[in-house]
Amino acid sequence: MIPVYLCGKDSARSGCLFCLIKERRVHVAVYFIKCLRRMLHISHFAQSTSQILLGFSIYRSFSAFKMATWQKVVVFIGSAREARLGERVTKFVVNKLKEKKLEVVLVDPQKFEVPILQKPVHFYRPNDTPPPANNLVSMNKHITEADAIVVISCEYNHCIPPGLTNIMDHFGPKSFDKKPSGIVTYSPSSVGGARAGVQLRSLLGELGCISVSNMFTIPQVHKAIGESGEPLDSEGGKHMDSAVGKLLAQLEWWANAAKAQRAVKENY
Ligand SMILES: Cc1cc2nc3c(=O)[nH]c(=O)nc-3n(C[C@H](O)[C@H](O)[C@H](O)COP(=O)(O)O)c2cc1C
């Protein structure tokens, strides 16, 4: 059931309803066949055809949901700074992802070398020389295969660190499209990098991997997490476990839902 709020003139309203019906075309087709059968008392052959169609549609939905378990997550790290506090946050979050038996691929700006954007990987044509760098091609494959994206970032002058935007801009919306994302921000101040978090929401939305509503924001990160990624006090640790748990639970729900939907319907 989809509640629909209609406004505007009658022609626009019927247009909206038509779009919804188009989206539900499998169900409409099955309904249509059922009506035909009733109206014409059609032959045994047609009856079997409608049953086969119905069975096929149920089978496709069922097999899509069976496959829809998230398996792979790509994690972008925002800071390339030496002695970065982001290292601790990454360890904390990656441990939580690994507890869920997920394959985790890190995009670490200390190791993943890219120039200031000159040519994004999706701008290359098949015979372009030189071809795109190997690290871009293989990371693009990881992003395309991922079921969800996680971004772990500090804020620089109330903005997303430019190094992070530079890396993300190398990959096209097609690689990120139709997968959910989770945002984790931190800072030594009491704001926890939240302003960059809000901006990341716009960036990720534009890339087609809309962020889930929970954000994991860590203020005073230097007092919250130790060097090996462990919480530094038990009360704070409980709070962080709960916050990251809520984010990952939402991410898992959306990742599985999007994966099922991608399996039955690739394009729109
Ligand atoms: C260029 C620059 C700008 C910064 N701007 C902010 C800011 O706007 N808000 C904030 O809370 N911290 C700011 N900081 C402090 C960072 O939050 C702090 O250095 C943090 O540890 C950075 O993350 P990292 O250690 O993982 O690199 C800034 C730091 C730098 C280097």
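For ligands, and for the atoms within them, numbers begin at 1 and follow the listed sequence. Computed from a predicted structure; not experimentally measured.
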Revision key, fill the gap. Value for NZ (Lys246) from CG (Asp241), rounded to nearest 0.5 Å, stands at 12.0 Å

Exercise for review: Starting from atom 26 (O) of ligand 1, locate the nearest protein heavy atom and write down its residue, its atom name and how far away it is, to 0.1 Å.
Suggested key: Tyr186 OH, 2.6 Å

Check your understanding: If you count the atoms of ligand 1 from 1 in the order shown, which ones are under 4.0 Å from a heavy atom of Arg84?
Key -> 24 (P), 25 (O), 26 (O), 27 (O)

Check your understanding: Considering only protein heavy atoms, which is closest to atom 21 (O) of ligand 1, and at what distance to one decimal place?
Key -> Leu85 CD1, 3.3 Å

Check your understanding: Would you say atom 15 (C) of ligand 1 has a protein heavy atom nearer than 4.0 Å?
Key -> no

Practice item. Would you please classify the geometry between the Phe176 ring and the Phe171 ring as parallel, tilted or perpendicular, with 30° and 60° separating the classes? Key: perpendicular

Review point. Which of the numbered atoms in ligand 1 are below 4.0 angstrom from a heavy atom of Ser187?
Key: 11 (O), 17 (O)

**Study point:** Sub-4.0 Å heavy-atom contact, Asn157 with ligand 1
**Key:** yes

Practice item. Determine whether Pro161 and Ser79 make a side-chain contact, defined as any pair of heavy atoms from C-beta on separated by less than 4.5 Å. Key: no

Practice item. Do me a favour and list the nearest non-hydrogen protein atom to atom 11 (O) of ligand 1 with residue, atom name and distance? Key: Ser189 OG, 3.2 Å

**Study point:** Polar contact flag, side-chain donor to acceptor under 3.5 angstrom, Ser187-Glu155
**Key:** no

Review point. With no hydrogens and no angle check, is any side-chain donor or acceptor of Arg201 less than 3.5 Å from a backbone partner on Val212?
Key: yes

Check your understanding: Do Gln110 and Arg81 come close enough that some side-chain heavy atom pair is under 4.5 Å?
Key -> no

**Study point:** Residue, atom name and distance, where the atom is the protein heavy atom closest to atom 2 (C) of ligand 1
**Key:** Tyr156 CD2, 3.6 Å

Check your understanding: To which protein heavy atom is atom 8 (O) of ligand 1 closest, and what is the distance rounded to 0.1 Å?
Key -> His158 N, 2.8 Å

Check your understanding: What atoms of ligand 1 come closer than 4.0 angstrom to any heavy atom of Gly86?
Key -> 26 (O)

Exercise for review: Assess whether side-chain contact (heavy atoms from CB on, under 4.5 Å) is satisfied between Glu230 and Asn95, documenting all intermediate values.
Suggested key: CA-CA 10 Å; Glu230 80 293 355; Asn95 284 342; over 6 Å; no

Review point. What protein heavy atom sits nearest atom 17 (O) of ligand 1, and how far away is it?
Key: Pro188 CD, 3.3 Å

Study note, to complete from the structure: ligand 1 to Ser79, heavy atom cutoff 4.0 Å, flagged ligand atoms 24 (P), 26 (O), 27 (O)

Review point. In terms of atom number and element, which parts of ligand 1 are under 4.0 angstrom from non-hydrogen atoms of Arg81?
Key: 21 (O), 24 (P), 25 (O), 27 (O)

Review point. Considering only protein heavy atoms, which is closest to atom 13 (C) of ligand 1, and at what distance to one decimal place?
Key: Glu155 O, 3.3 Å

Practice item. Kindly say whether Trp70 contributes a backbone atom to a donor-acceptor pair with the side chain of Glu252 at under 3.5 angstrom? Key: no

Check your understanding: Measuring from Asp108:CG to Arg84:CZ, what's the distance to the nearest 0.5 Å?
Key -> 4.0 Å

**Study point:** Nearest-contact summary for atom 22 (C) of ligand 1 - protein heavy atom, Å
**Key:** Cys154 CB, 3.7 Å

Review point. For the atom pair CG (Asp147) and NZ (Lys72), what is the distance rounded to the nearest 0.5 Å?
Key: 9.0 Å

